[in-house]
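Input: a single structure, listed below in structure tokens.
Position 1 is the first residue of the sequence; numbering continues from there. Whatever order the structure lists them in is the order used to number ligands and atoms, beginning at 1. Values below: all heavy atoms of this structure, side chains included; hydrogens, waters and symmetry mates excluded.
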Amino acid sequence: MSKLFRALLLLSVSILFSGVVVASAATTEKEPNNTPALANRLTKYAPAEGAIEPVGDVDYFKVKGVNTLWGMVALLDTSGSTTSQNGVLIAYAPDGTTVLQRDESGPGKKAVIAWAHYTGSDDHFLRVNEVGNDQRISHYALHYYELPIGTPGDEYPEQEPNNTHTTANTSAIVNRGVISRTNDVDCYAIYARANQKVLFVLNADPEGDGGPADFVLDLYKSDGTLWASADRAGPGGNEYMDERTIPQDGVYTYCVRAKSGTGPDATYLSGPIRDGSYYQPSFQFDLRWDNSRPGHYARVGDEMRYTLTFTYTNPLTIPGPFKLYVYYQPACQSVIDNGQADHQGTDSFEWRYDDLPPHTMITKTFTMRAEASCSDAISFDVSLDYYDTGWGKRSYYIIGQGIYFPLVMR
Ligand SMILES: [Ca+2]
Ligand SMILES: [Ca+2]
Ligand SMILES: [Ca+2]
Ligand SMILES: [Ca+2]
């Protein structure tokens, strides 16, 4: 193998983006924790275990907010308690008194904080106690997830018709919908791989003014057969489907319906949590420097030709817009040919697409010139508005990730 060829291979950067797979051991509460000031800090991926003991005990936990476009899902599982299983879970704003959401657990039912927006970046609180403060809960587990949700009140809206698994909307991180009439069903499709763990959580009252509907969640396998149903709460209560392990790669569909209370006020927020994190499709990037000098460098004046390949292998169309970005430092590199980019900025250019069809591969070649003796990188990124904040509303946080491709000039 020639030195140059080997150098080219080394310079090929291949990155697969997929969900975060994390499994962490549980942590145990530390008393005293009976006030917000004494709250235990929760971590995203490790459930906290505790007990309401003695009678009258209250346990506070704190979590860091991100911003108002992010929020939390939390589940209180009291099924391991040999005494009372009737718990109360409350999410509080950073003042420790403003209730964001409240739910109760009981035999066969977890309490669920579902897609509650943070009010900002300060610490927020979760509180556990027994429903009447008159019995013990010998054991509980508190699970907590942090997720981008979108603009409050404007989370990604359903698109009718979506009543069957074949007409399902592509699932966003969370979708806002309404079961507008008795026979309305709203289905959302995700692509999941074997052994991934997925749970589904539904907020039955996004406006916080009392939801009328008694929601049911159904989950279908890729062949369209019903796999599981969940209906634990009554009218106005948040729903969830316990975490399930995906048997094989494929498209899975979760559908929302209501046993009662349908109509224009039967709104909900519903979405999947995959491997403890938000649901997002996976892509692959490959960036190559096609004409590097042996030793991975350029001289001032060299023209550097790059090939960027983006591959999306999921079988679900992602509604657009979709943008593919390249970033660079203009003091180090100038653009000779931006590969017919749709927009040229001062330190970036981008290609724009209306949507992202299944099994898409995009290959772009572009040429830069080394302008000065310095170090720079070509970084790239994607913007999938559908997974950021909903249709056409890119915000300042980006779910897409930048990958730096080092380039040294001499
Ligand atoms: Ca306790
Ligand atoms: Ca306590
Ligand atoms: Ca609907
Ligand atoms: Ca529908």
ask   = Quick check: does Gly50 have an N/O/S atom under 3.0 Å of the Ca ion (ligand 1)?
value = no
ask   = At the Ca ion (ligand 4), what's the angle from Glu160 OE2 to Asn162 OD1, rounded to 10 degrees?
value = 90°
message = Checking side-chain polar atoms at under 3.5 Å, does Glu158 have a donor or acceptor matched by the opposite partner on Asn175?
response = no
ask   = Where the Ca ion (ligand 1) is the corner point, what angle links OE2 of Glu29 with O of Ala51, to 10°?
value = 80°
ask   = Which atom, among the N/O/S set of Asp186, is closest to the Ca ion (ligand 4)?
value = OD1
query = Among the N, O or S atoms that Glu31 has, which is closest to the Ca ion (ligand 1)?
reply = OE2
ask   = Do Ser229 and Asp218 have side-chain N/O donor and acceptor atoms under 3.5 Å apart?
value = yes
key: Closest heavy-atom pair and its distance - Pro272, Ser171   = CD-OG, 3.6 Å
request  = Please determine if the Ca ion (ligand 4) has an N/O/S atom from Asn163 lying under 3.0 Å away.
outcome  = yes
key: the Ca ion (ligand 4) - name of the N/O/S atom of Asp184 that sits closest to it   = OD1
task = Give a yes or no on whether the ring-centroid distance for Tyr156 and Tyr386 is below 6.0 angstrom.
result = yes
request  = Using the side-chain contact (heavy atoms from CB on, under 4.5 Å) rule, pick out the option among Leu147, Ile149, Val73 that qualifies with Tyr278.
outcome  = Leu147
key: Centroid-centroid distance, Tyr188 to Tyr252, less than 6.0 Å   = no
ask   = Does any N, O or S atom in Val178 come within less than 3.0 Å of the Ca ion (ligand 3)?
value = yes
ask   = Is the Ca ion (ligand 1) less than 3.0 Å from an N/O/S atom of Asp57, whether that atom is in the backbone or a side chain?
value = yes
ask   = Would you say Val185 reaches the Ca ion (ligand 4) with an N/O/S atom under 3.0 Å?
value = yes
query = What class does the angle between the rings of Tyr254 and Phe200 fall in, given that below 30° is parallel, 30 to 60° is tilted and above 60° is perpendicular?
reply = tilted
